[in-house]
Engineer: 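Have a look at the structure that comes next, please.
Source: prediction; values computed, not measured. All chains are named by letter (A, B, ...) in the order of the sequence lines, taking the proteins before the strands, and each is independently numbered beginning at 1.
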Amino acid sequence: MTKKNKLLLIDGSSVAFRAFFALHQQLERFKNKSGLHTNALYGFHNMIESVLTKEKPSHVLVAFDAGKTTFRNEFFNEYKSGRSKTPNEFTEQMPYLRELLDGFGIKHYELSNYEADDIIGTLSDTVDPAIFDVVIISGDRDLTQLAKENVRVDITVKGVSELKEYTIESIADEMGIKPKQIIDLKGLAGDTSDNIPGVTKIGEKTALKLLKEYHSVEGVYEHIDELKKSKMKENLINEKEVAFLSKRLATIMLDTPITIGVNDLAYNGPDIEKLVQFYKEMDFKTHLSKLDTTEYDAANEEKREEVAYKFVTEIIPEMFTDKTGLYLEMLTDNYHTSEIISVGWGHENHIYVSDPEIVLNSPYFKEWAQDAALSKQVFDVKRTYVALNRYGIELKNSQFDILLASYILNTKDNSKDLSEVAIEHDYYNVSPDESIYGKGAKIHIPEDVSIMHEHIAHKIKAIVLLSEQLERHLAQNNQTELFYDMELPLAMVLAKMEISGIKVDAQRLREMKVEFAERLIGIENRVYELAGETFNLNSPKQLGVILFEKMGYPVIKKTKTGYSTAVDVLEQLRDQAPIVEDILEYRQIAKLQSTYIEGLLKVIHGNSGKIHTRYMQTIAQTGRLSSIDPNLQNIPIRLEEGRKVRQAFVPSHEGWKIFASDYSQIELRVLAHISDDDHLKEAFIEGQDIHASTAMRVFGIEKQEDVTPAMRSQAKAVNFGIVYGISDYGLSKNLDISRKEAQLFIDTYFDKYPGVKIYMEDIVREAKEKGYVETLFHRRRYLPDINSRNFNLRSFAERTAMNTPIQGSAADIIKVAMIEMDKRLETEGLKATMLLQVHDELIFEAPESEIPLLEKLVAEVMENAVALNVPLKVDSSSGDSWYDSK
DNA sequence: CTTTTCACG
DNA sequence: ACGTACGTGAAAAGT
């Protein structure tokens with residue numbers, strides 16, 4: 001029988017407190033119009049929302065602590081003292097938390113003299129396990145003592161929305177004890193946050209050891225005489241009372257006299273009206289706009305300001321002027337193929353909407369679009385350019401792009417929906433596309449087309465108004481040049497590369513497909529034989545069962561959901577498990593087959609035999625491009641077998657070649673420049689092998705001949721680590737050495753490259769002060785976690801602070817080179833075409849006769865894109881396919 | 001729709 | 001003690 005009911009119990013007090021501190025560094029950003037802080041409410045809200053979607057509970061209760069003192073203070077009056085005073089900014093939010101819960105339609109409850117724990121404990125313990133699964137959410141690990149067969153306890157880790165699940169099994173795995181023994185653990189070790197004393201000098205480690213032996217506090221004292229004479233034994237004897245008191249304090253009551261029962265807690269979804277009211281009161285505008293219920297739409301319809309526009313069926317020249325907003329509507333996001341379903345253009349108070357066949361066939365429209373003297377404002381210029389190009393219209397003078405501008409202002413804004421971008425900038429007058437067209441398979445043009453026309457009119461108005469606003473904002477941030485001289489011109493270059501596309505030899509791919517298919521069957525059969533049964537080799541879950549349960553190999557790593565079967569795990573099993581050799585080979589071939597062979601075959605355009613990727617210019621947090629549909633930036637190269645896929649990428653004309661140029665060590669050169677470290681600069685200025693040079697310094701070797709390959713490869717790993725934002729842990733894992741040894745490497749490195757050390761310290765300090773870091777060209781990345789009290793979040797932000805200026809400046813440099821390259825190909829009158837960018841590499845096709853010229857030209861342009869205080873170096877090669885250009 | 005794995009720089 | 005190296009996208013499984 002399947003259980004039908006799930007009871008969700010939330011420790012409201014502790015979660016709210018967690019939420020408050022998780023968003024504490026942004027305390028001042030979270031304020032509503034009347035000055036009330038809202039950060040705890042915001043965090044709490046998001047936690048509830050995600051938990052409701054994930055758990056889909058049938059019953060919910062949020063329990064709160066009631067007042068300052070509880071029954072625990074009766075026998076220990078210091079209980080929970082020593083906590084610093086609750087800040088006012090927190091307490092002022094508590095009354096509204098109840099409003100929020102009413103909006104969600106969630107019951108809440110408190111009972112004087114008791115804590116939320118006790119209410120939760122009692123409910124979780126009394127429901128019938130045959131009927132209810134229970135999930136408990138808290139920020140307090142004490143509650144894990146409540147885990148049972150039907151009770152799971154989720155404790156907040158990162159902020160409040162990420163939860164760690166504790167079950168009987170996971171507690172046993174992690175600590176080797178039963179949930180109930182958590183109480184004994186606290187009895188011995190205490191808990192500083194609740195001011196539970198515990199026994200002097202006994203921490204979690206020691207306590208766990210004792211519990212493994214004697215099971216409980218009582219057990220420890222029954223066998224106290226067996227313990228060796230030690231300071232610890234003395235403490236235990238002297239503080240026996242403390243231990244029992246601590247245990248009592250940590251014990252959650254399971255028979256609290258609560259006046260509610262589970263039947264009062266049925267959850268029937270939110271009360272939209274109250275929720276809308278709450279969002280408005282708190283200025284939670286994003287949440288307000290995300291409510292896509294009919295009630296909300298209706299309420300919003302009246303609120304949404306009307307936009308005057310004209311739907312026209314005839315186009316006249318007077319409709320087009322300078323500084324005009326333009327928007328093409330498409331239902332799906334691949335603008336190479338998606339049908340244009342409507343077109344809008346105009347100014348703040350003169351907006352026109354029309355059907356595509358009317359506009360796109362109008363000579364007046366075409367003339368205007370192609371008139372370089374008349375500027376246009378758009379959302380996503382590349383998309384607009386490419387789509388118009390399909391109709392033989394070449395869009396000129398796109399003076400502003402609110403998507404690009406928004407990305408520059410804050411890289412974290414990566415949405416593709418105009419309404420979301422608008423909301424980011426406090427403009428709320430555009431509905432989300434989803435609310436007009438629906439989503440997924442059911443996406444469609446609304447029956448009443450005037451709804452769509454008005455929607456497009458709203459977009460035009462947003463584009464026009466936001467263009468001005470964002471342009472001012474760019475100037476304030478010193479990012480005007482980044483926008484006008486880099487991203488906007490680059491968008492046009494990328495548009496042309498996408499339109500060119502790259503020719504793919506489908507026949508070659510099909511040959512490989514047949515070959516791989518045969519090999520896969522062979523390997524599969526061998527694996528099944530060794531395993532003694534057939535299963536889905538593509539399923540990590542099924543594979544895990546075979547390897548670790550049936551065949552009994554040791555479990556090396558676990559994932560959230562089960563055994564890990566990733567490469568590094570399998571490699572460790574290689575020696576003892578003959579089967580993994582085959583599994584690894586299968587994995588490799590299967591990946592090539594599904595992602596590259598079949599994947600690429602699917603996206604070849606029928607008539608041209610070409611692939612047209614889309615470069616995403618507003619996704620990567622560092623300023624890099626990304627490539628989708630298909631991703632042409634991760635075509636295999638490291639292993640020969642996969643590298644052969646590149647044989648299918650060929651020139652589009654007879655007698656042409658593929659030509660490729662890549663920057664050598666651009667990130668380390670950028671680091672040499674921004675850190676101004678003398679030794680690092682010297683290595684590049686003198687043209688040394690950088691990893692060998694690092695090896696010489698780190699290992700203290702005089703002559704390069706004495707650097708062994710092993711030393712060089714270790715030095716290489718250290719250099720990588722430096723670029724990524726070094727940590728002893730990361731380096732130790734990469735080099736398979738101890739953390740101590742890794743730390744020694746790092747110390748030695750910083751000793752030999754003091755400039756790099758200073759840069760790393762400075763950039764982190766700067767990030768902590770300003771809240772963001774910048775690249776050479778003033779691209780910004782905000783790091784909200786840089787001052788977090790959470791070690792992991794803060795460390796991550798610190799590494800990002802070190803890495804982003806390096807990776808981001810390298811991205812800037814190749815972007816400059818691409819823009820210049822595009823110009824030069826034109827002015828030099830070459831037939832050569834730029835086709836692809838792979839982060840530090842540009843790929844072209846060209847007539848064979850142009851190759852010698854390109855060798856010089858491309859290197860010159862790339863190497864001189866910017867002047868650093870070390871030289872940039874480019875390597876080039878050409879061949880009959882991408883594979884051969886190596 | 002999320003998780004795992006694996007391809008690239 | 002904590003437990004990750006930085007940045008991406010796609011396929012397949014499983015919920």
Engineer: Compare side-chain N and O positions of A:R794 against OP1 and OP2 of C:dC2 and report whether any pair is under 4.0 Å apart.
Structural biologist: no

Engineer: Which whole-number value in Å describes the distance from A:Y586 OH to C:dA11 C1'?
Structural biologist: 12 Å

Engineer: So what does A:F791 touch, heavy atoms closer than 4.0 Å: a base, only the sugar-phosphate, or nothing?
Structural biologist: base

Engineer: How many Å lie between CG on A:L570 and P on B:dT4, as a whole number?
Structural biologist: 15 Å

Engineer: Are A:N634 and C:dT8 close enough that a side-chain N or O sits under 4.0 Å from OP1 or OP2?
Structural biologist: no

Engineer: Which whole-number value in Å describes the distance from A:L793 CG to C:dC2 P?
Structural biologist: 16 Å

Engineer: Which is true for A:S727 with a 4.0 Å heavy-atom rule: it touches a base, it touches only sugar-phosphate, or it touches nothing?
Structural biologist: base

Engineer: Which of these nucleotides, C:dA11, C:dG9, C:dG7, is closest to any side-chain atom of A:Q807?
Structural biologist: C:dG7

Engineer: Considering only side-chain heavy atoms of A:S539, which listed nucleotide, C:dC6, C:dG14, C:dA11, is closest?
Structural biologist: C:dG14

Engineer: Among C:dA13, B:dA7, B:dG9, find the nucleotide with the atom closest to the side chain of A:R624.
Structural biologist: B:dG9

Engineer: Counting any heavy atom closer than 4.0 Å, what does A:Q542 reach on the DNA or RNA strands: base, sugar-phosphate only, or nothing?
Structural biologist: sugar-phosphate

Engineer: With A:K886 as the cation and A:Y883 as the aromatic partner, state whether NZ or CZ is under 6.0 Å from the six-membered ring centre and within 45° of the axis.
Structural biologist: yes

Engineer: Does A:L731 reach a base, just sugar-phosphate, or nothing at all? Heavy atoms under 4.0 Å.
Structural biologist: base

Engineer: Would you mind reading off the distance between A:D568 atom CG and B:dT4 atom P, rounded to a whole angstrom?
Structural biologist: 14 Å

Engineer: For the side chain of A:P636, counting heavy atoms from C-beta on, which of C:dA13, C:dG7, B:dC8 is nearest?
Structural biologist: B:dC8

Engineer: What does A:I619 touch in the nucleic acid at a heavy-atom separation under 4.0 angstrom: a base, only the sugar-phosphate, or nothing?
Structural biologist: sugar-phosphate

Engineer: Can you check the distance between B:dC6 and C:dA5, where both ends of the measurement are the P atom (answer in whole Å)?
Structural biologist: 15 Å

Engineer: On DNA chain C, check which nucleotide each of A:K164 and A:P630 is closest to and give me the residue with the more 5' one.
Structural biologist: A:K164

Engineer: Of all the choices, B:dT4, B:dC6, C:dC6, which nucleotide is nearest to the side chain of A:K591 once you look at every atom?
Structural biologist: B:dC6

Engineer: Side chain of A:S626 only, please: which of B:dC8, C:dG9, C:dA5 is the nearest?
Structural biologist: C:dG9

Engineer: Would you mind classifying the nucleic acid contact of A:T804 as base, sugar-phosphate or nothing, using non-hydrogen atoms under 4.0 angstrom?
Structural biologist: nothing

Engineer: How close do A:A207 and A:A189 get, counting heavy atoms only, and between which atoms?
Structural biologist: CB-CB, 4.1 Å

Engineer: Looking at every non-hydrogen atom in both residues, tell me the closest pair between A:N734 and A:A717 and how far apart they are.
Structural biologist: OD1-CB, 3.8 Å

Engineer: With nearest nucleotides of DNA chain C determined for A:D629 and A:R781 from heavy-atom distances, which residue corresponds to the more 5′ nucleotide?
Structural biologist: A:R781

Engineer: Would you classify A:V723 as touching base, sugar-phosphate or nothing, given that sugar-phosphate means primed atoms plus P, OP1 and OP2, and contacts are heavy atoms under 4.0 Å?
Structural biologist: nothing

Engineer: Quick one: do A:K644 and A:E640 make a salt bridge, cutoff under 4.0 Å?
Structural biologist: yes

Engineer: Assess whether a salt bridge exists between A:R519 and A:E585, defined as any Lys/Arg side-chain N lying under 4.0 Å from an Asp/Glu carboxylate O.
Structural biologist: yes

Engineer: What is the nucleic acid contact for A:R638, judged by heavy atoms within less than 4.0 Å: base, sugar-phosphate only, or nothing?
Structural biologist: base

Engineer: Between A:E487 and A:R779, does at least one N-O distance fall below 4.0 Å, as a salt bridge requires?
Structural biologist: yes

Engineer: Across the strands shown, which category fits A:A717 at heavy-atom distances under 4.0 angstrom: base, sugar-phosphate, nothing?
Structural biologist: base

Engineer: Could you measure between the two C1' atoms, the one in C:dC2 and the one in B:dT5, and give it in whole Å?
Structural biologist: 26 Å

Engineer: Measure from NZ on A:K205 to P on C:dC2 and round the result to the nearest Å.
Structural biologist: 6 Å

Engineer: Checking all strands, does A:D662 fall into the base, sugar-phosphate, or nothing category for heavy-atom contacts under 4.0 angstrom?
Structural biologist: nothing

Engineer: Rounded to whole Å, how long is the line connecting atom NZ of A:K560 with atom C1' of C:dT4?
Structural biologist: 14 Å

Engineer: Charged N to carboxylate O under 4.0 angstrom, A:R624 versus A:E667?
Structural biologist: yes

Engineer: What nucleic acid atoms does A:S795 come within less than 4.0 Å of, heavy atoms only: base, sugar-phosphate, or nothing?
Structural biologist: nothing

Engineer: Among C:dC6, B:dC6, B:dA7, which nucleotide has an atom closest to any side-chain atom of A:Y596?
Structural biologist: B:dA7

Engineer: Take atom CD of A:Q633 and atom P of B:dC6, then tell me their distance rounded to the nearest Å.
Structural biologist: 21 Å

Engineer: With heavy atoms under 4.0 Å as the rule, sort A:I806 into base, sugar-phosphate or nothing.
Structural biologist: nothing

Engineer: According to a strict under-4.0 Å criterion, is A:T561 in side-chain N/O contact with OP1 or OP2 of B:dT4?
Structural biologist: yes

Engineer: Across all strands shown, which nucleotide pairs with C:dC2 by Watson-Crick or G-U wobble geometry, both distances under 3.5 Å?
Structural biologist: none

Engineer: Let me know the distance between CD1 of A:I556 and P of B:dT4, rounded to the nearest Å.
Structural biologist: 18 Å

Engineer: When you get a sec, tell me which of C:dC2, C:dA13, C:dA5 is the closest nucleotide to the side chain of A:R799?
Structural biologist: C:dA5

Engineer: When all nucleic acid strands are considered with a 4.0 Å heavy-atom cut-off, which category describes A:N631: base, sugar-phosphate, or nothing?
Structural biologist: sugar-phosphate

Engineer: Give a yes or no on whether a salt bridge exists between A:K873 and A:D875, defined as a side-chain N under 4.0 angstrom from a carboxylate O.
Structural biologist: yes

Engineer: Respond yes when some side-chain nitrogen or oxygen of A:T559 is under 4.0 Å from OP1 or OP2 of B:dT3, and no when none is.
Structural biologist: no

Engineer: Of the nucleotides C:dA11, B:dA7, C:dG7, which one has an atom closest to the side chain of A:S594?
Structural biologist: C:dA11

Engineer: Looking at the base of B:dT5, is there any donor atom on it, or on the side chain of A:R587, that sits under 3.5 Å from an acceptor on the other one?
Structural biologist: no

Engineer: Categorize A:R739 for me: base, sugar-phosphate, or nothing, with a 4.0 angstrom heavy-atom threshold over every strand shown.
Structural biologist: base

Engineer: Side chain of A:K541 only, heavy atoms from C-beta on: which candidate in C:dA10, C:dC2, C:dT15 is closest?
Structural biologist: C:dT15

Engineer: May I ask you to decide whether A:D133 forms a salt bridge with A:K6, counting only side-chain N to carboxylate O separations under 4.0 Å?
Structural biologist: no

